[in-house]
J.: 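Attaching a single structure in structure tokens format; questions to follow.
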Amino acid sequence: MSTAITVFVPMDTAAVAVGANDVALALQAEADTRGQRIKLVRNGSRGLLWLEPLVEIDTPQGRMAYGPVDPDDIPGLFDAGWLQGHDHPLAHGLTEDIPYLKNQERLTFARVGITDPLSLDDYRAMGGYDGLQKALGMAPEAIVAEVTDSGLRGRGGAAFPTGIKWKTVLETAAPQKYIVCNADEGDSGTFSDRMLMEGDPYALIEGMTIAGLAVQATHGYIYVRSEYPIAIAVLEAAIQRARQAGWLGTDIQGSGRGFDLEVRCGAGAYICGEETSLLESLEGKRGLVRAKPPLPAIAGLFGQPTVVNNVISLATVPVILARGAGYYRDFGMGRSRGTLPFQLAGNIRHGGLVEKAFGITLRELLHEYGAGSASGRPLRAVQVGGPLGAYLPESLWDAPLDYESYAAVSAMVGHGGIVAFDDAVDMAEMAEYAMEFCAIESCGKCTPCRIGSTRGVEVIHRIRNNEQRSEQLMLLRDLCDTMLAGSLCALGGMTPYPVLSALDHFPEDFGLPASAASTTQPA
Ligand SMILES: Cc1cc2nc3c(=O)[nH]c(=O)nc-3n(C[C@H](O)[C@H](O)[C@H](O)COP(=O)(O)O)c2cc1C
Ligand code: SF4
């Protein structure tokens, strides 16, 4: 009997949403009918979302890509000899040679889309658990120093240095400490956390375990939004397997050191991504922001010292430990070290995940990777960093994407979400939408956000209807000042960024002359 040919069909949510499960079924059925033995592997996504479902065939030359595959294409693909890597209108050659993928710098996403997400053998074969094995032989202070030296900053939005946060937790004595992974991923147009959890769950588990060793925490929680059922199922299965294999539990690989973790499911409020609301939610309460201080690093979950980190921050720790702080720090620019998985979404032809070192520009991402708008019309505005990020006009698309350069133009890199709009967009409508989003998602704890956002919607509405436009514009700037300075957390405090960037960069959409663009920007 012939040897089975390995065929990869992603089980990632983005692939499943466009029919990957049907493709997998049709593929297996066709192979059975033809008496062709195949080994079907459900991998994560390569992040080339316009090609999903992207099927890969393992050939002697390497993995060949075909996509987007519809179940109806399958008989024709077999006829063309795809199992031998032969040509077909849906063929893209070797996956690794597709320019979108080839030109990336995948450190955090090194294994995503390549391995079977639940196979510990696959994980180990590609460097998995090398970092933890190193950490098991290190003192907690040395692990913290390695992460600090790497320059890693929080990938959830605020970009706080990860090593410094860990140092605070390590130095705070307590009977119990916790590692909490923020997998709420509420930002518009973002999906890197989900892709990582679905495609390489052990990277997150390993990163959290290293964090536990570093700060002497023995228990962890992954707080995942309920809209991510596949990620939740993959994580649950991976945790069980890691535990069975001795990578979690009271005696990790016979070291005498212990760490274990659980998955918790959030109910879907944007504010539950804010770390203190998340902790309230984890404790079984309503997601309401806590005043700081105390920092969660001092008094977090159940009042104990707690590391709260984003999925990508934690999943990047293993490569830092395995290859050294210097290796990671060599990527990037200025104070933004390493790589960021950018996520291209909105009106873009080639949406997907692009992991690159800090310093790439928006123009490169939009055109060299994204291939321009999906509609074919000129791109006009791009929102970077989620719903609290600024809208950037073309004049700012050449600024290097790093935390400081973006802050200098009143924008933020945040979690790396990039949402593109073509020239049909009405930026005054987008400004109103930003205020409305804040009004809907406000936790209600402080007045500038709770009341201010609702009044803000009304004021923008009046501006759009040309009711006392100049007075209302003054009022809007005043209101934004109050929200910026007086809000308890960044939901109210940063909503002025999208609102004022729309007004300042696209005044003509608010009924103002284009030349009247104000130079006032959010501080
Ligand atoms: C309104 C709001 C929503 C947030 N949502 C998320 C989120 O979905 N995921 C996340 O990792 N961080 C989110 N953050 C940032 C967290 O508060 C926190 O800074 C982060 O989890 C810390 O991890 P990091 O240092 O690894 O980035 C949000 C912050 C605010 C103010
Ligand atoms: S800014 Fe908004 S979300 Fe944040 S604490 Fe105040 S009311 Fe709650």
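Counting convention: from 1, in listed order, for ligands and their atoms alike. No experiment lies behind these values; they were computed from the predicted model shown.
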J.: Within the structure provided, determine whether Ile179 and Val215 are in side-chain contact (heavy-atom separation under 4.5 Å).
T.: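 The answer is yes; the side chains approach within 4.5 Å.
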J.: Under a 4.0 angstrom heavy-atom cut-off, which atoms of ligand 1 come close to Ser313?
T.: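 Within the 4.0 Å cut-off of Ser313, ligand 1 contributes 24 (P), 26 (O).
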J.: Under a plain distance cut-off of 3.5 Å, with no hydrogens placed, do Asn103 and Tyr369 share a side-chain donor-acceptor pair?
T.: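 No, Asn103 and Tyr369 have no side-chain donor paired with an acceptor closer than 3.5 Å.
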J.: With a 4.0 Å cut-off on heavy atoms, does Arg225 reach ligand 1?
T.: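 Not so, Arg225 does not reach ligand 1.
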J.: Identify which protein N/O/S atoms are less than 2.8 Å from atom 2 (Fe) of ligand 2.
T.: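 Only Cys449 SG fall inside 2.8 Å of atom 2 (Fe) of ligand 2.
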J.: Side-chain contact, heavy-atom cut-off 4.5 Å: Leu314 with Glu206?
T.: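 They are not in contact (no side-chain heavy atoms under 4.5 Å apart), so the answer is no.
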J.: List ligand 1 atoms under 4.0 Å from Asn310, heavy atoms only on the residue side.
T.: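 Close to Asn310: 10 (C), 11 (O), 23 (O), 24 (P), 26 (O), 27 (O).
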J.: Please write down residue, atom name and distance for the protein heavy atom closest to atom 29 (C) of ligand 1.
T.: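 Its nearest protein heavy-atom neighbour is Glu274 CA, 3.7 Å.
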J.: If the plane angle is over 60° it's perpendicular, under 30° parallel, otherwise tilted; pick one for Tyr123 and Tyr202.
T.: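 Because their plane-to-plane angle lies in the 30° to 60° range, the rings of Tyr123 and Tyr202 count as tilted.
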J.: Are any of the N/O atoms in Glu185 less than 3.5 Å from those in ligand 1?
T.: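 Looking only at distances, the answer is yes, because the N/O contact criterion of under 3.5 Å is met.
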J.: Starting from atom 1 (C) of ligand 1, find the nearest protein heavy-atom neighbour and note its residue, name and distance.
T.: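 Going by distance alone, atom 1 (C) of ligand 1 is nearest to Tyr270 CE2, 3.5 Å.
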J.: Could you point out which residue of Val307, Leu261, Leu282 forms a side-chain contact (heavy atoms from CB on, under 4.5 Å) with Val180?
T.: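 Looking at Val307, Leu261, Leu282, the match for Val180 under the side-chain contact (heavy atoms from CB on, under 4.5 Å) is Leu282.
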J.: With side chains defined as the heavy atoms from C-beta onward, is the minimum distance between Glu441 and Ile271 less than 4.5 Å?
T.: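 No, too far: nothing below the 4.5 Å cut-off.
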J.: When you check the side-chain N and O atoms of Ser313 and Thr162, is any donor under 3.5 Å from an acceptor?
T.: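 Per modelled atom types, Ser313 and Thr162 side chains form no pair under 3.5 Å.
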J.: Could you tell me, atom by atom, which parts of ligand 1 come under 4.0 Å of a heavy atom of Arg155?
T.: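 Near Arg155, the atoms of ligand 1 are 26 (O), 27 (O).
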J.: Would you call the rings of Phe342 and Phe358 parallel, tilted or perpendicular, where under 30° means parallel and over 60° means perpendicular?
T.: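 Ring orientation, 0 to 90° scale: perpendicular.
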J.: Check this for me - ligand 1, Gly186, N or O atoms closer than 3.5 angstrom, yes or no?
T.: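 Min N/O separation from ligand 1 is below 3.5 Å for Gly186.
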J.: With a 3.5 Å cut-off and no angle check, do the side chains of Glu355 and Thr339 form a donor-acceptor pair?
T.: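 Note: Glu355 and Thr339 side chains meet the donor-acceptor criterion.
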J.: Can you find a side-chain donor-acceptor pair between Glu198 and Tyr228 that sits under 3.5 Å?
T.: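 Checked: Glu198/Tyr228 side chains show no N/O donor-acceptor pair below 3.5 Å.
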J.: Tell me: protein heavy atom nearest atom 21 (O) of ligand 1, and distance?
T.: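 For atom 21 (O) of ligand 1, the nearest protein heavy atom is Asn182 ND2, 2.9 Å.
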J.: Closest non-hydrogen protein atom to atom 25 (O) of ligand 1, residue and atom name please, with distance?
T.: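 Here the closest protein heavy atom is Lys165 NZ, 3.0 Å.
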J.: Specify the protein heavy atom at minimum distance from atom 18 (C) of ligand 1: its residue, its atom name, and the distance to 0.1 Å.
T.: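 Here the closest protein heavy atom is Glu275 OE1, 3.7 Å.
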J.: Could you say whether the N/O atoms of Asp187 and ligand 1 ever approach to under 3.5 Å?
T.: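 Checking ligand 1 against Asp187, no N or O pair falls under 3.5 Å apart.
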J.: Identify each donor-acceptor pair in which a side-chain atom of residues 139-146 lies under 3.5 Å from a protein atom, sequence neighbours left out, and give them as a table.
T.:
residue	atom	partner	partner atom	Å
Glu146	OE2	Ala325	N	2.9

J.: Does an N or O from Leu491, backbone or side chain, lie closer than 3.5 Å to an N or O of ligand 1?
T.: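 No, since none of the N or O atoms of Leu491 sits under 3.5 Å from an N or O of ligand 1.
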J.: Within ligand 1, which atoms have a heavy atom of Ala490 less than 4.0 Å away?
T.: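 Those atoms are 31 (C).
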J.: Distance under 4.0 Å to a non-hydrogen atom of Asp184: what atoms of ligand 1 satisfy this?
T.: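 Counting atoms of ligand 1 from 1, those under 4.0 Å from Asp184 are 8 (O).
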J.: Considering only protein heavy atoms, which is closest to atom 27 (O) of ligand 1, and at what distance to one decimal place?
T.: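 For atom 27 (O) of ligand 1, the nearest protein heavy atom is Gly156 N, 2.7 Å.
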J.: Can you label the angle between the Phe331 ring and the Tyr327 ring as parallel, tilted or perpendicular, going by 30° and 60°?
T.: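 Ring orientation of Phe331 relative to Tyr327: perpendicular.
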J.: Considering non-hydrogen atoms of the protein only, which is the closest contact for atom 16 (C) of ligand 1, and what is the distance?
T.: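 Minimum-distance protein heavy atom for atom 16 (C) of ligand 1 reads Gly273 O, 3.5 Å.
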J.: Using the benzene-type ring in the case of Trp, are the ring centres of Trp50 and Tyr100 under 6.0 Å apart?
T.: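 Trp50 vs Tyr100: aromatic centres under 6.0 Å.
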J.: Looking only at heavy atoms, which two atoms of Gly186 and Arg225 are closest? And how far apart?
T.: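 Closest heavy-atom pair between Gly186 and Arg225: CA-NH1, 3.0 Å.
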